[in-house]
Amino acid sequence: MMTIPTDDHPSLTEDDAAAAVAAANSAVVNIPHLKDDEAQQLHQQYEHHNPHQHDQDQISAQLSHQLSHQHYQQQQQQQQQHHHQQQQQQLQQHLHHQLQPQQQQQQQQAQRQVHHPLNHGHHLGMLNQPNETELLESVTKKVAPRSSDLFRVGPRFSDTRHHQDIYCKRNDMDVNPVLHARIDRGFEIGENGTWIGYKRNYFTLVTAFSLENFDFDRFIQNKFYTYEKSSARNGEPVGENKVEISYFAIRLVAKCSDNDVSISLIQHTAKRDKGPQFPPPIYPAVPGDLPDHETVKASCNKRNGSKIENMNKVFYFDRAEYYHDTNLDTLKDESILKNYPSDSIARVARFERIQFTSSIRIKSTSVNSRYFTLHVELLGIIEDEDLQIQPILLSSIETPPLIIRGRSPSNYHKERTSGYRGHLVPQ
DNA sequence: TTCGACACATACCA
DNA sequence: ATGGTATGTGTCGA
């Protein structure tokens, strides 16, 4: 089956990967970045500002290009060579659909923070507490690159924070969105309670949203609207315009505690260095339930066709199949469903093989308490006056502060990566 | 020091 | 059980 960018098909050749990326792009929609002022306002609410927000015009121009394959491919190549530049380009997030695989027949159970060895009050006698021998080993042994133990549940996300209200078009009812997310790989907690990740290693995150009091069928039968903060050319706020939400989308962004630092994320394919790199996609999405940790873990690196198929059922909603099964006339559908850019729509946005861009300064200059946070944003994609699609930030959730350890050997000699890292607080 | 590249090693997957 | 993969991390050199 066809695979896409974030997809990792073990058997992909380099060319295949490039082709997949191109193909994916063609099936994808590009969404411009939030406007500067919007973004700033939003961030301010959190105490995060991002002065380095990109130039809107530049982005728009870029967007129009993206529609072409060719341009995208070039871009891919550039990205492979220049992370920094790609960070800018990533604005044009490709929305994406599809991806991979895998099976697992389970459905989601309430996801909860899982048992982390250091999480609870386990004590000396307990198995989870390292004894001296283990500690010794922890500084001696290497982490097995493929160890399934690398899958660990990360920090809990904050409650959903709302930025723009959502209303049901039919009855003007206020709709309450809820975001769910979980980090399934890449972060571990230190004894002091700080969450630690490694710049060189991948992390995995899954996220989904739901609309309170709207089960799937009800969602499918409705349309929604929100308000767009409008502003004059000079940036003066002018008011709010009522706008219909074409469809919902989810994206992942990273921020730094240092307001002046903008950071971004990159995603690799399973080929890593041998494959393309790109910014994490924005997933057009319908409401869904978060799969449990074991499911996500099991969805990793599958190649078996039927397993992939089953896994896709967990992560994706197949619009064409839905129309067929419900005998719905595709052309007559007047619900929000028809606005989605592809038949393969995420129920759960899965971000795999994500890393902080290599350009980030981990603990540069004095700033002692620099940390990062990951934010999941629910976007309402709308069409502006010029029929250009624009994202509106509807709500978001975020992680607690994350410490990202850099490449310095000092980060590796002490606490073992996946064993018992985190006895000491990395500054 | 930091970063890209390349290399090695090892558990996963079929 | 075997062979191909995927990915943590060691290392070289700019």
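Chain A is the first sequence line, chain B the second, and so forth, proteins listed ahead of strands; every chain is numbered from 1.
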Can you check nucleotides 11-14 of chain C for protein contacts, nitrogen or oxygen pairs under 3.5 Å, and list what you find?
from	atom 1	to	atom 2	distance (Å)
C:dT11	O4	A:Arg407	NH2	3.2

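A:Phe203 pairs by the ring pair (Phe, Tyr, Trp, His ring centres under 6.0 Å) definition with A:Phe187, A:Phe356, not counting sequence neighbours. Scanning for ring pair (Phe, Tyr, Trp, His ring centres under 6.0 Å) contacts around A:Phe351 gives A:Tyr283, with sequence neighbours left out. With sequence neighbours excluded, the residues satisfying side-chain hydrogen bond (donor to acceptor under 3.5 Å, both in side chains) with A:Ser335 are A:Asp333. Here A:Tyr323 pairs with nothing under the ring pair (Phe, Tyr, Trp, His ring centres under 6.0 Å) rule; sequence neighbours left out. When the salt bridge (charged side-chain N to carboxylate O under 4.0 Å, His left out) test is applied to A:Arg319, the partners found at least two apart in sequence or on another chain are A:Asp343.
Phosphate proximity of B:dA11 to A:Asn301: absent, as no side-chain N or O sits under 4.0 Å from OP1 or OP2. Regarding contacts with the backbone of C:dT7, a side-chain N or O of A:Arg353 is found under 4.0 angstrom from either OP1 or OP2. Close to C:dG8, at under 4.0 Å from its OP1 or OP2, lies a side-chain N or O of A:Arg185. For B:dC3, the OP1/OP2 oxygens have a side-chain nitrogen or oxygen of A:Lys199 closer than 4.0 Å. A:Lys142 has no side-chain polar atom (N or O) that falls below the 4.0 Å cut-off from OP1 or OP2 of C:dG10. For the OP1/OP2 pair of B:dC3 and a distance below 4.0 Å, the side-chain nitrogens and oxygens of A:Arg361 include at least one atom meeting the criterion.
Between the C1' atom of C:dG8 and the CZ atom of A:Arg405 lies a distance of 15 Å, rounded to the nearest Å. In this structure, A:Lys302 places its NZ atom 12 Å from C1' of C:dA6, rounding to the nearest Å. The CD1-P distance, from A:Ile362 to B:dC3, rounds to 8 Å in whole Å. Per the geometry, CD belonging to A:Glu352 stands 13 Å off C1' belonging to C:dT7, to the nearest Å. The nearest whole Å value for the distance from the CZ atom in A:Arg272 to the P atom in C:dT7 is 8 Å. Summarising the geometry, the separation between CD on A:Gln277 and P on B:dG4 is reported as 8 Å, rounded to the nearest angstrom. Regarding A:Arg146, its CZ atom lies at a distance of 15 Å from the P atom of C:dG4, rounded to whole Å. Computed from coordinates, the A:Ile196 CD1 to C:dG8 C1' distance equals 17 Å when rounded to whole Å.
In this structure, A:Glu352 does not pair ionically with A:Arg185, as no charged nitrogen and carboxylate oxygen lie closer than 4.0 Å.
The side chain of A:Arg303 lies closest to B:dA14 when the candidates are B:dA11, B:dA14, C:dG10. In this structure, the nucleotide among B:dA14, B:dC3, C:dG8 sitting nearest to the side chain of A:Lys307 is B:dA14. If you check B:dC12, C:dG8, B:dA14 against the side chain of A:Asn304, the one that comes closest is B:dA14. Nearest nucleotide to the side chain of A:Ser358, out of C:dT7, B:dC3, B:dA14: B:dC3. With B:dT10, B:dC6, C:dT9 as the choices, the nucleotide that has an atom nearest any side-chain atom of A:Val143 turns out to be C:dT9. When distances run from any side-chain atom of A:Tyr412 to the nucleotides B:dA11, B:dT2, C:dT9, the shortest one goes to C:dT9.
Checked against a 6.0 Å centroid threshold, the rings of A:Phe317 and A:Phe216 count as neighbours.
Residue A:Leu179 comes nearest to A:Leu378 through the heavy atom pair CD1-N, 3.8 Å, listed as atom of the first residue, atom of the second, then distance.
Remark on DNA chain B: of its neighbouring residues A:Ser148 and A:Pro145, the 5'-side contact belongs to A:Pro145, judged by nearest-heavy-atom nucleotide.
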